[in-house]
Amino acid sequence: MFFLYFTFTEQVKSILSDAIEKAEFEAGEISLEPSQHADLSSRIAFLIGSRTKQNPKEVADRIVAEISIPADSLVGKVEATGPYINFSASDAYIQKTYWSIRTERENFGGNFASGKILLEHTSANPNGPLHVGHIRNSILGDTLSRILKRAGYDVEVQYYVNDMGRQIAIVSWAFDHFEFDKTKKGDHAIAEIYIKANRALEEDPSKVAEIDRFMQLVESGDEDTIKRFDEAVNYALEGIKKTLLEMNVHHDSFVTESSFIRSGAVKDIVERIKATGRTELDDGAIVVDLSDYGFEKSLVIQRSDGTSLYTTRDLAYHEWKARHADRVIDIFGADHKLISGQLRATLNAIGVKEPEVVIFEFVSLPEGSMSTRQGKFISADELLEQVEARALEEVTIRRPEMDDSFKKEVARMVGIGAVRYDIVKVSPEKSTVFDWKEALDFEKQGAPFIQYSHARACSILKKAEEEGLWDPEAQANPALLVDDSEIAFIKKMALFDQVLEKCASELKPHHLAIYGRELADAFNQFYRFSPVLAAEDDNIRAARLGLVDCARVVIANVLDTLGIDAPQSM
RNA sequence: GGGCCCGUGGCUUAGCCAGGAUAUAGCACCGGGCUUCUAACCCGGGGGUCGUGGGUUCAACUCCCACCGGGUCCGCCA
């Protein structure tokens, strides 16, 4: 591992601080930022200028006059443009990047961090299928887990299964009153009876007592009721798991809420909270005072009938997570903002490490917010089906000569990719409105654009191989790559580490999505301007083929980190 | 009523936390490019008071305050 970009940054810092010292200024904290004008840029002349009441432009000139670059440096040129000091990478940086990609291959990018992370995402209630709101959670969480893994963390991904909440009690009750359609996918069949049950309960509120009874029974450990709940949960969960698998979303384990009741962890956590002296009884319910954390209203952790709440079980779960990882990360929808704040405060009050919470805003329908209970939602299955059908039309138009299994496979990769990319590309704090027209329109620069670049790179190498022009072991000389588009593309590939680091530290995967598009863009520039198979001579062709090999590797790595398949041909 | 999030060309969106060089990109629109490594591509063009009003600063899309618009949450649901 070379971590070229990080080394480059360090070298720039050191060269710059030496020069500042020689120019007899106080360096202080050195800030560097990527810029469209240079590989790295510093605004330090502004700071020194304002501190010493000197013209920043002159300060920059004086500093640059003292710059000396050691031999073999990754830093090439340094110049002052007005008050900015601009650094560009050296030929050595370009060539080392090229070799680093070609030797590290699928390991290129990342591996700079360490530690154990427990990441929880999706955790949708098993009362129906995943809908287009849930999958923002899944895709955000899964992409983040891939980013953190590539960054070098040991990541365990969990789905927290609500197997004993009120919703599940309602589903369980619904089994006795409505017909369960076994021919349907389990999660969809569960939603059907769940919706009917909710309607029935609204019409006859006296039935609610039967739900409460179920909840008391399950919490007290009644075998029959537990079995009923498990059965309902499993129908839904099997369907949910299938959908997740189809979207390339992976969980390492499914942890049930009930396990924290059975282990006694919930009772323990209530006792621990009581011991802080923050609790009081309110109409028989136990509430926690969190006013010193800025929460006006107290938090209920036990119902007046003695049963626990989602929050209580979640506290026990988080206490467990805190003991089993260095970092705990949760992906929650915006509706969980308050409750997750209260959860963090409560954990803090009992001295338990708090989770880092990633909040994403809602996906709604044009007619309003989604609701499983009211049957107002678009399921992920339906979305995937429509998108793949649309992708199949497209591939059929573009590659009519290929056989059906090729078309279907490409359609699948492109469809899922398009969905994942569309969701992950936007910053999580933006709320969005689901729109069929937009969801099915992937003509824009999205996943298919990046996948297509990968397929192009593969296609060139395949053709080169067929013509006996491509030998992966052959000596290639990256010094022959001198065109602007070639240099720019190599520099773009070298930024992969920096982008991963940014995504991992901010817990924001959308930067990677944007980087993927820029990377494909840079490859397309190279493709447009530098003929590979028809290069001027054998040495240039060998160097360019090596660069195409780099393209294939880095684009595939980026796509893999985004959870999007990289087709060899499309 | 209070808390939090969002408000950037017709639409979608990056940049904002760590203030500075002509505000990012896509869609749509106008024009050009397939006898040349896959045109799911490339090149060029028009289009923006960065919600509004103040403030801080040499410098504000970025920081502070107020307001407007949208979303969301506000104890025994999850």
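Values below: every heavy atom of this structure, side chains too, minus hydrogens, waters and symmetry copies.
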* **Mate of B/rG1 where both pairing distances stay under 3.5 Å, Watson-Crick or G-U** =>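 Paired with B/rC74.
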* Nucleotide paired to B/rA23 in any strand shown, Watson-Crick or G-U, under 3.5 Å -> none
* When you check the glycosidic angle of B/rG54, does it come out syn, meaning within 90° of 0, or anti? ->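 It is anti.
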Whole-Å distance separating the [atom1] atom of [X] from the [atom2] atom of [N]:
{"X": "A/Phe362", "N": "B/rC4", "atom1": "CZ", "atom2": "P", "value": "19 Å"}
{"X": "A/Ile211", "N": "B/rA78", "atom1": "CD1", "atom2": "P", "value": "13 Å"}
{"X": "A/Asn55", "N": "B/rC58", "atom1": "CG", "atom2": "P", "value": "15 Å"}
{"X": "A/Leu32", "N": "B/rA18", "atom1": "CG", "atom2": "C1'", "value": "13 Å"}
{"X": "A/His336", "N": "B/rC4", "atom1": "NE2", "atom2": "P", "value": "20 Å"}
{"X": "A/Ile44", "N": "B/rG20", "atom1": "CD1", "atom2": "P", "value": "15 Å"}
{"X": "A/Glu296", "N": "B/rG75", "atom1": "CD", "atom2": "C1'", "value": "12 Å"}
{"X": "A/Asp484", "N": "B/rC43", "atom1": "CG", "atom2": "C1'", "value": "16 Å"}

* Do other residues, nucleotides or ligands put more than 12 heavy atoms under 6.0 Å from the NZ atom of A/Lys57? -> no
* Within 6.0 angstrom of A/Glu467 CD, more than 12 heavy atoms from elsewhere -> yes
Which is true for [X] with a 4.0 Å heavy-atom rule: it touches a base, it touches only sugar-phosphate, or it touches nothing?
{"X": "A/Leu299", "answer": "nothing"}
{"X": "A/Arg517", "answer": "sugar-phosphate"}
{"X": "A/Gln525", "answer": "sugar-phosphate"}
{"X": "A/Thr311", "answer": "nothing"}
{"X": "A/Ser31", "answer": "nothing"}

* Asked: If you measure from the ring centre of A/Phe449 to the centre of the six-membered ring in the base of B/rA40, is it under 5.5 Å, with the planes under 30° apart?
  -> no
* So, A/Tyr84 and B/rG20: ring centres less than 5.5 Å apart, planes less than 30° off, yes or no? -> no
* Asked: For the side chain of A/Ser41 and the base of B/rA21, is some donor closer than 3.5 Å to an acceptor across the two?
  ->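 Such a pair is found, so the answer is yes.
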* Structure fact -> A/Leu309 has its side chain closest, among B/rC42, B/rC76, B/rC37, to B/rC76
* Using 4.0 Å as the upper bound for N to carboxylate O, is an ion pair formed by A/Arg412 and A/Asp565? -> yes
* To do: Considering just the side-chain nitrogens and oxygens of A/Tyr527, establish if one lies under 4.0 Å of OP1 or OP2 belonging to B/rA39.
  => yes
* Mind checking whether A/Tyr310 and A/Tyr160 have parallel, tilted or perpendicular rings, split at 30° and 60°? ->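 Aromatic pair A/Tyr310/A/Tyr160 classed tilted.
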